[in-house]
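Please read the structure below before turning to the comments.
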Amino acid sequence: MNDVVSPMRSQGLPTQGGAPREAAPFVDIQCLTKRFDGVAAVDEVSLGIGRGEIFALLGPSGCGKSTLLRMLAGFESPSAGRILLDGHDITSLPPYERPINMMFQSYALFPHLSVWENIAFGLKRVGNSKQAIAARVDEMLALVQLTALARRKPHQLSGGQQQRVALARSLALEPRLLLLDEPLGALDRKLRGQTQFELKSILKRVGVTCVLVTHDQEEAMMMADRIAVLNRGRTLQVGVARDIYETPNSRFVADFVGSVNLLDGTLKEDEPDHCVIETAHGDFYVSHGVTGVLGMPVSLALRPEKIRLIDKAEALPLHNAFSARIVDQTYFGSSSVYRVALASGAILQVAHTNSDRHGEVLATGAAVTLALEAESIVVLTS
Ligand SMILES: Nc1ncnc2c1ncn2[C@@H]1O[C@H](COP(=O)(O)OP(=O)(O)OP(=O)(O)O)[C@@H](O)[C@H]1O
Ligand SMILES: [Mg+2]
């Protein structure tokens, strides 16, 4: 792939909010569908990705992330829909004619070649001069900080270092679009976190547009300007990390991105500035309106860290205060999670930040009041 060497693009980066400002997206995915034996693995997906943007496809196993990426790369031909790159229709171009590079989870480094030769490999195929190749390889080695290890073979490198070689090799040909399928999947948790920072800073320095596939929401949040949440081949929500977490548009997104308590209820009162949801556990007062009719079924999404536990004589809030009992507590270091039973029997998770080293631990069975701000509750209608 990537026999086209195009000038490196670094202009036109999306700004802080992440959403691209340009009218026409750099990568324009239009109603893309892929069916295998009549079953849609990717189902009418439309997405616009800005130039220089890092865009994450996030979703559970089997939701169609890799299939979508493989269609962008040209390894899979769509059953329907189009892909435009910088205004040009590339839907029917073979992979090697696309100015796109894909980095696989396994890295697929050549074991018998040194780091230097691995990075040079694609450049040689394109037929660059020896001098140009050497200059480019050295530039890439410096970019991923592996100059000192240029003579080593892949098996003499750590997982994180191998990942950086694969990245250097992918970037050597200056792709206009870089596709990363679970790029950090082979790394252990601690190394992943550190490598996410490095990878993001390299991609931003180069300014390459990037589509990243992951099933790890923290990785998506850490790396991406914007995230598309997929399920069963469809995009459910596209937005910056904060929007997806704080304003999920469906039960699936609320549940998949972060921890959440979901409660069923019905719409009891609906005003422009607030609504009341009736549930088996009591009424919840929420500071936003809902589109719908009174009596319709809805779900409440309550994030564990937004629930407060009150165990002392303290003035209770006017709304959203419920009697409860501590079921148990799990200590996670930076936070603890309490499971708390409401009078109805429903069990909610409540997260508590351990900012105080020897902070009080609420005992199992203790009676508490569970309190929620009206603005921290999200009502979901789908
Ligand atoms: N070549 C194929 N033939 C038939 N079915 C396929 C083929 N490739 C993928 N599928 C099916 O399409 C669906 C989506 O697969 P895909 O590999 O895109 O998922 P994914 O989101 O990347 O999952 P994971 O996180 O496990 O990698 C799955 O149900 C899979 O079994
Ligand atoms: Mg996959």
Side-chain angles (χ1 to χ4, degrees), residues 1 27 29-47 49 54-83 90-95 98 100-109 159 162-163 166-167 170 175 177-189 191-193 195-196 199 203 209-224 226-239 241 244 248-259:
M1 210 176 0
V27 183
I29 300 171
Q30 300 179 348
C31 228
L32 207 60
T33 296
K34 178 68 188 181
R35 288 183 212 94
F36 293 112
D37 307 319
V39 180
V42 172
D43 199 359
E44 298 190 352
V45 166
S46 294
L47 291 170
I49 298 166
I54 302 178
F55 191 90
L57 303 174
L58 174 68
S61 184
C63 74
K65 306 181 294 293
S66 295
T67 305
L68 181 52
L69 211 62
R70 290 171 61 79
M71 286 194 281
L72 292 176
F75 296 136
E76 209 77 77
S77 54
S79 311
R82 296 202 306 164
I83 304 164
I90 60 163
T91 317
S92 50
L93 281 187
R98 300 184 185 203
I100 295 176
N101 210 320
M102 179 151 166
M103 195 177 104
F104 297 93
Q105 176 172 340
S106 59
Y107 316 145
L109 296 175
Q162 290 181 30
Q163 196 272 341
L167 179 67
S170 302
L177 175 62
L178 180 66
L179 307 174
L180 304 174
D181 195 349
E182 304 272 0
L184 308 174
L187 307 181
D188 67 47
R189 199 179 153 76
L191 190 54
R192 266 181 102 127
T195 311
Q196 281 162 7
L199 184 56
L203 294 174
T209 309
C210 181
V211 181
L212 161 86
V213 159
T214 179
H215 61 263
D216 178 344
Q217 45 128 348
E218 279 182 22
E219 186 162 301
M221 288 176 158
M222 167 68 229
M223 299 269 312
R226 283 188 306 150
I227 300 170
V229 182
L230 274 76
N231 191 32
R232 297 181 178 187
R234 289 183 165 264
T235 21
L236 297 185
Q237 190 168 359
V238 181
I244 287 188
N249 66 0
S250 59
R251 288 178 68 107
F252 181 88
V253 173
D255 201 21
F256 190 75
V257 182
S259 304

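Atoms within a ligand are numbered from 1 in the order they appear, just like the ligands themselves.
Side-chain atoms of T214 do not come within 3.5 Å of backbone N or O of L58 as any donor-acceptor pair. Side-chain atoms of Q196 never come within 3.5 Å of backbone atoms of M222 as a donor-acceptor pair (strictly under, hydrogens ignored).
Around the Mg ion (ligand 2), the protein atoms of type N, O or S found under 2.8 Å away are S66 OG, listed by chain and number.
In this structure the side chain of K34 never reaches within 4.5 angstrom of the side chain of P78, judged on heavy atoms. Under the 4.5 Å side-chain criterion, counting only non-hydrogen atoms from C-beta, H215 is not in contact with C63. R192 is listed as a side-chain neighbour of D216, based on a closest heavy-atom distance under 4.5 Å.
Closest approach of P183 and M103 over heavy atoms only: CB-CE, 4.0 Å.
The side chain to side chain donor-acceptor pair (under 3.5 Å) pairs that include a residue from residues 58-67 are S66-D181, where partners are two or more places apart or lie in different chains.
Within 4.0 Å of ligand 1, the residues that place a heavy atom are F36, A41, P60, S61, G62, C63, G64, K65, S66, T67, listed by chain and number.
Distance check: T91 OG1 to I29 CD1 gives 10.5 Å after rounding to the nearest 0.5 Å.
Residues satisfying the salt bridge (Lys or Arg N to Asp or Glu O under 4.0 Å) criterion with R70, sequence neighbours excluded, are E76.
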